[in-house]
Amino acid sequence: SATSAETLTVETGTLPQGGLCIVQDVNNTNPLNEYSLMCAFWDDQDSLEFNALIPINGVQTKLNSTSYQSDVRKLVGTAPFGQVTIYVLVRYKLWPTAIACAALRDIRFKTLEEIIQSSNDTAAAAQMVVDSLSNLELAGSSAVAAVYADSALQMAAKGYIDEAQATALISDGANKFLAGAQ
């Protein structure tokens, strides 16, 4: 006896492709300053939206924690210290579950040591970094908060600030973050 079955055909869309993404002006962007991404040449770019993941302290943190952006120039982050790989996430507005990933490998921001050692006065340079941290706008941005906490921990680990200062900075940063998230 023969068994018959109906044939089912399934079609899937393609992932966004053909594009290029960069960190704008990375060589002149100091840690704790804003940087932005630029993407071009993606097939059907007007129907795409973008986000990015940046590793901070081993955790992949969304650059824009609230949503994807149609205009990639709105993906603005706070530069961390040192070398990172940024993963740009690209998806179609109409099919948001299919996501392409473009890895921007070995993006090199200045290290904490480079910033501190570029000054003749190490204590003044360290205070400048602390002041920069204190002035960061954290308002609910998990990526900025992660850079903030990581920077305070690096400062303490390198001996530029003591543990009490690091704890105070992180506590202040957490309060700013939570106040902005409400």
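Scope of the values below: all heavy atoms of this structure, side chains included, with no hydrogens, waters or symmetry mates. Keep in mind the model is a prediction, meaning the values are calculated, not measured.
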Show the atom names and distances, to 0.1 Å, of all donor-acceptor pairs under 3.5 Å that link a side chain in residues 86-98 to residues at least two apart or in another chain.
{"from": "Arg91", "atom 1": "NE", "to": "Glu49", "atom 2": "OE2", "distance (Å)": "2.8"}
{"from": "Arg91", "atom 1": "NH2", "to": "Glu49", "atom 2": "OE2", "distance (Å)": "3.0"}
{"from": "Lys93", "atom 1": "NZ", "to": "Asp46", "atom 2": "O", "distance (Å)": "3.0"}

Answer yes if [X] and [Y] sit in the same cluster of Ile, Leu, Val, Met, Phe, Trp and Tyr residues linked by side chain heavy atoms under 4.5 Å apart, and no otherwise.
X     : Y      : value
Ile22 : Val76  : no
Leu63 : Leu104 : yes
Met38 : Leu53  : no
Ile54 : Leu153 : no

Do [X] and [Y] come within less than 4.5 Å of each other through their side chains, counting heavy atoms only?
X      : Y      : result
Ile107 : Gln83  : no
Arg73  : Ser36  : no
Leu48  : Asp43  : no
Val144 : Val147 : no
Cys21  : Leu37  : no
Thr29  : Val23  : no

**Message:** Please determine whether side-chain contact (heavy atoms from CB on, under 4.5 Å) holds for the pair Phe177 and Leu136, giving the CA-CA distance in whole Å, both sets of side-chain angles, and the decisive distance to 0.1 Å.
**Reply:** CA-CA 10 Å; Phe177 174 75; Leu136 278 179; over 6 Å; no
**Asked** Is there a donor in the side chain of Asp44 and an acceptor in the side chain of Ser47, or the other way round, less than 3.5 Å apart?
**Response** yes
**Request:** Tell me yes or no: between the side chains of Asn28 and Asp25, is some donor less than 3.5 Å from an acceptor?
**Result:** yes
Please report the interatomic distance [atom1]([X]) to [atom2]([Y]), rounded to the nearest 0.5 Å.
X      : Y      : atom1 : atom2 : result
Asn175 : Ile170 : CG    : CD1   : 12.0 Å
Gln154 : Ile161 : CD    : CD1   : 11.0 Å
Phe81  : Leu112 : CZ    : CG    : 5.0 Å
Ile115 : Phe109 : CD1   : CZ    : 11.5 Å

**Asked** Which residue pairs satisfy the ring-ring contact (aromatic ring centres under 6.0 Å, His included) criterion with at least one member in residues 142-169, sequence neighbours excluded?
**Response** none
Is it the case that the side chain of [X] and the backbone of [Y] share a donor-acceptor pair, with hydrogens and angles ignored and the cut-off at 3.5 Å?
X      : Y      : result
Lys176 : Ser134 : yes
Gln45  : Cys39  : yes
Gln117 : Glu114 : no

**Item:** Counterpart residues, side chain to side chain donor-acceptor pair (under 3.5 Å), relative to Lys158 (two or more places apart)
**Value:**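 Checked Lys158 against side chain to side chain donor-acceptor pair (under 3.5 Å); matches are Glu113.
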**Prompt:** What residues form a side chain to side chain donor-acceptor pair (under 3.5 Å) with Gln165, not counting sequence neighbours?
**Reply:** none
**Prompt:** Which pairs with one or both residues in residues 58-131 pass disulfide (SG to SG under 2.5 Å), sequence neighbours excluded?
**Reply:**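 Listed by first then second residue: nothing to list.
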May I have the list of side-chain donor-acceptor pairs in residues 122-129 shorter than 3.5 Å, sequence neighbours left out?
{"from": "Gln127", "atom 1": "NE2", "to": "Asp131", "atom 2": "OD1", "distance (Å)": "2.8"}

